[in-house]
Amino acid sequence: MTEILVSLSSSTEEETRFADQVESTLSATNQLLNSRNFPHYAAQMLSGIRAVSAQVSRVSKPCTGPSPEALHQEISAIDLDSPLSTPADALAEVERIYLRDAVYFHDVKYAAHLNCPVVIPALVGEAVLSAVNTSMDTWDQSTGATHMEQQLIQWTAERLDLGGNADGVFTSGGSQSNLQALLMARNRLHARLQSARPDEPPRLSEVLGKFRIFASEVSHFSVQKSAAILGLGEDAVVAVPSDSQKRMDADALERAIGRCRETGLLPMAVVGTAGTTDFGSFDPLVRLGEICAGGNIWLHIDAAYGGGLITSQRHRGLLAGTAAADSVTIDFHKTFFQPVSSSAILVRDRSHLDHVTYYADYLNPPGGPPNQVDKSLQTTRRFDALKLWLTLRTMGADAIGALLDEVIELAGRCWTSLSAKEDFDVVVRPEFSTVVFRYRPPGTSDERADRMNQQIRSDLFDSGEAIIGGTTVEGRHYLKFTLLNAGTTLADVEEMIDLIRQRGRRYLDSEAMHHG
C-alpha cells in the first residue's frame, strides 16, 4: 500500500499511467471500497482532488454566469442508463456540467448568502467520514464517533454558558435545529397542561390551536415553517416588531405576550435571533431571558449565523444571554468555515431531549451504550462532527475566531465607505458581517431604485464578476453584502461597489434612452 501511495504522489505522468491501468480492470465489484480495492479508491480520489485543484486554481470570479436554460438543456441530454467507459470520462463530464459553472464561495467577490469558504482540515474530515460512512444513530454503528460528537456538543455548550446539564446533537442545518427546538417546546407545554389536569389530561389536538410562538419580524422563515410542520399553522407565529437596528423590541414582546394571555392563548416559545439573516442583528437576549423566565416560556435562541462568536476574541459579548436559553441552534457550516452540512441543536436541560425520543427494539433498547438516535429527529445521520473535530485539533478555536473577527471588521469598514457615498443608502450599521444597502443616486424615485437594484444584482450574476445578495426593507428592494471570507479586502469590496455603480448608471442611461 505504501508503494501505491508513493507512485501516486511522485508525478502527474505516473499518476495518469497508474490510473489508466486501474481503469482497465474496473468492474462493479472492484468499485466497492475495501482492502482489496484500495488502488482504485486512491487513484479515483486523487483524480477528483486534481480536478478540483485545477478548477479552483484558475477561478478568477465567483461564477461563469450560466443560464438555467443552458444548464438544463446540457444536463437533461445525458442518458443516466448508459454509463461512461471509465471513471476519467465520468469525472470529465462532471467537470463540464458542474465544476466549470459552479458557484465558488471562496472567491473574494462572492458576498450573497451565508456560505463560507471552508478550511482544509474540514475537507480532510469530509473525505474520511464519507469513505468510512459511519451512521450516527447507534453506538454499534459509530463507536468512537459517538463519543467524539458528544464531546464537541459539550465543548459548544460550555462556550454558550448552558451549564453542566446541557446536551444536544448534530443536525443537517439551522432549519432542522429550529424545528427540533420548537417540537420540544410544544411537547413540554403539552406535558405541563396534562400535569395541571391529571383527571382529564387534554389531548394535543385539543390545545394545539392555542399555542403561540413569538419571533422578531426579521427572524428566519424556518420559524413559520416549523410551526406549520408541527401542526400549529403559520398564524401561530406572532411577529414582534423590531427597533431601528432590526433587533426585537423587548417591550413590544411583553405587550404581545400579555395580549395573548388575555385572549386565552398559550405562549409556547420565544425565538430570539443571534445574527439575523438579512441584517446580522442580535436580539436583546438577556432581556428575552428575563421575560421568558418570568412567564415560564421556552426561550429558543437561533444562533445559526451568530453562533460562531463563541470562538471570537473581540465580539463574543454579542452572545451574552445564551445562558438563559432552553435551546440554541448553531450552524458550524456558516461561521466555523465548515462544509455543508454541519449544525447542532443544544439544550440547557438534557431531559428535554426526551420529548423527541422514540424507542425501537432494534435501535435503542434502554440500558445499553449511548445511542445518539435518542436525541435526534434523524435516524441515519452522517458523522459531520468529524470535520469540526479535525478543524479544532488542527487550527484551534482562536484561529477560527480570528477569521470571523476579520470579516466583522471588514463589514464595519464597508459600512463606513458606503455611508460616505451620496449615491448609496445604507439601512443599519452592522453588528456582525452583513451590510444592507442600495444604489440610489440623488433624485432617483423609490420605484426606479427598486427596478434598478433588482437589475444590478441580476446583471452581476449573469456576468459572473460578483455575486451579491438581495432583500426587501419596508417593501423596497435592497442589495446585501454577506461577508464571510477573511480573504476579502476592503479593496475587493470597493471593486464590487464600483461594479454596482457601473451597472446602475448603465440601467439609468438605458431607461432614459427608452423613455426619451
What I'd like to find out is whether the side chain of T472 reaches to under 4.5 Å of the side chain of D450, using heavy atoms alone.
no

If the plane angle is over 60° it's perpendicular, under 30° parallel, otherwise tilted; pick one for F282 and F432.
perpendicular

Answer yes or no: are there more than 12 heavy-atom neighbours, outside I75 itself, under 6.0 Å from its atom CD1?
yes

Strictly distance-based, threshold 3.5 Å: is any side-chain N or O of S419 a donor or acceptor partner for the main-chain N or O of T416?
no

For the NZ atom on K61, are there more than 12 heavy atoms of other groups (residues, nucleotides or ligands in this structure) within a distance under 6.0 Å?
yes

Looking at every non-hydrogen atom in both residues, tell me the closest pair between F337 and L484 and how far apart they are.
CE2-O, 3.3 Å

Quick one: does I310's side chain get under 4.5 Å of L319's, heavy atoms only?
yes

Is there a donor-acceptor contact under 3.5 Å from the side chain of E406 to the main chain of A486?
no

F481: what forms a ring pair (Phe, Tyr, Trp, His ring centres under 6.0 Å) with it, not counting sequence neighbours?
F437

Do L392 and L152 come within less than 4.5 Å of each other through their side chains, counting heavy atoms only?
yes

Using only atom types and a distance under 3.5 Å, with no angle test, would you say the side chain of S312 pairs donor to acceptor with the backbone of D405?
no

Counting distance only, does the side-chain N/O of D326 pair as donor-acceptor with the main-chain N or O of L299 below 3.5 Å?
yes

List the steps, then state whether side-chain hydrogen bond (donor to acceptor under 3.5 Å, both in side chains) holds for Q313 with R316.
CA-CA 6 Å; Q313 297 297 306; R316 191 170 174 178; over 6 Å; no

Would you confirm whether T482, through its side chain, and A112, through its main-chain N or O, come within 3.5 Å as a donor-acceptor pair?
yes

State the CG-OG1 distance between D302 and T277, to the nearest 0.5 angstrom.
7.0 Å

Apply side-chain hydrogen bond (donor to acceptor under 3.5 Å, both in side chains) to T171 and S177, showing your working.
CA-CA 6 Å; T171 70; S177 294; 2.7 Å; yes

Keeping the roles fixed (side chain from T276, backbone from S281), state whether a donor-acceptor pair exists under 3.5 Å.
yes

Can you list everything that forms a salt bridge (charged side-chain N to carboxylate O under 4.0 Å, His left out) with R438? Sequence neighbours excluded, please.
D425, D446

Taking the side chain as everything from C-beta on, heavy atoms only, tell me whether L309 gets closer than 4.5 Å to I408.
yes

At their closest point, which heavy atom of G168 faces which heavy atom of I153, and how far apart are they?
N-CG2, 3.4 Å

Return yes when atom CG of D235 has more than 12 non-hydrogen atoms of other residues, nucleotides or ligands closer than 6.0 Å, and no otherwise.
no

Which heavy-atom pair separates L410 from T488 by the least distance, and what is that distance?
CD2-O, 3.4 Å

L377 vs L183 side-chain heavy atoms within contact, under 4.5 Å:
yes

Test side chain to side chain contact (heavy atoms under 4.5 Å, CB included) on V436 and V428; report intermediate values, then the result.
CA-CA 7 Å; V436 179; V428 295; over 6 Å; no

Where is the tightest heavy-atom contact between A256 and V238, given as atom of each residue plus distance?
CB-CG1, 4.3 Å

Ignoring hydrogens and geometry, is there a side-chain-to-backbone donor-acceptor pair from H220 to S222 under 3.5 Å?
yes

Which pair of heavy atoms, one from A320 and one from L285, lies closest together, and at what distance?
O-CB, 3.4 Å

Should E422 and R501 count as an ion pair when the cut-off is N to O under 4.0 Å?
no

Using the ring pair (Phe, Tyr, Trp, His ring centres under 6.0 Å) rule, collect all pairs that involve residues 306-336, keeping only residues at least two apart or in two chains.
F170-F332, F332-F336

Has the side chain of D283 got a donor or acceptor atom that lies under 3.5 Å from a matching backbone atom of M248?
yes

Testing the 3.5 Å rule here: is there a donor-acceptor pair between the side chains of T64 and D101?
yes

Is the backbone N or O of R50 less than 3.5 Å from a side-chain atom of S53, with the two atoms forming a donor-acceptor pair by type?
no

Answer yes or no: does atom CZ of R314 have more than 12 heavy-atom neighbours from other residues, nucleotides or ligands under 6.0 Å?
yes

Should E431 and K246 be marked as a salt bridge (charged side-chain N to carboxylate O under 4.0 Å, His left out) after you check the CA-CA gap, both sets of side-chain angles, and the distance that decides it?
CA-CA 10 Å; E431 287 186 281; K246 303 301 181 182; over 6 Å; no

Distance-only side-chain donor-acceptor flag, Y305 / T273, under 3.5 Å:
no

Verdict with supporting geometry, I497 and F424, side chain to side chain contact (heavy atoms under 4.5 Å, CB included)
CA-CA 10 Å; I497 292 171; F424 283 86; 3.7 Å; yes

Listed by chain and number, what are the salt bridge (charged side-chain N to carboxylate O under 4.0 Å, His left out) partners of R381, not counting sequence neighbours?
E149

What pairs with R382 under salt bridge (charged side-chain N to carboxylate O under 4.0 Å, His left out), at least two apart in sequence or on another chain?
E126, D384

Go through the steps for R476 and R440 under the test side chain to side chain contact (heavy atoms under 4.5 Å, CB included), then give the verdict.
CA-CA 12 Å; R476 297 299 176 188; R440 189 187 181 191; over 6 Å; no

For the pair R287 and E254, find out whether any cationic side-chain nitrogen is under 4.0 Å from an anionic carboxylate oxygen.
yes

Mind running side-chain hydrogen bond (donor to acceptor under 3.5 Å, both in side chains) on T391 and Q338 for me, showing each step along the way?
CA-CA 8 Å; T391 301; Q338 301 293 292; 2.9 Å; yes

What verdict does the side chain to side chain contact (heavy atoms under 4.5 Å, CB included) test give for V493 and R413, after you've listed the backbone C-alpha separation in whole Å, the side-chain angles of each residue and the deciding distance to 0.1 Å?
CA-CA 10 Å; V493 172; R413 294 192 292 271; over 6 Å; no

Partners meeting salt bridge (charged side-chain N to carboxylate O under 4.0 Å, His left out) with D509 (sequence neighbours left out)
none

Can you check whether I330's main-chain N or O pairs, donor with acceptor, with S343's side chain at less than 3.5 Å?
yes

Minimum heavy-atom separation for C260 and T263, please, with both atom names.
O-OG1, 3.0 Å

Ion pair present between E511 and R506, side-chain N to carboxylate O less than 4.0 angstrom?
no

Could you tell me if S226 and N178 have a donor-acceptor pair between their side chains, going purely by distance under 3.5 Å?
no

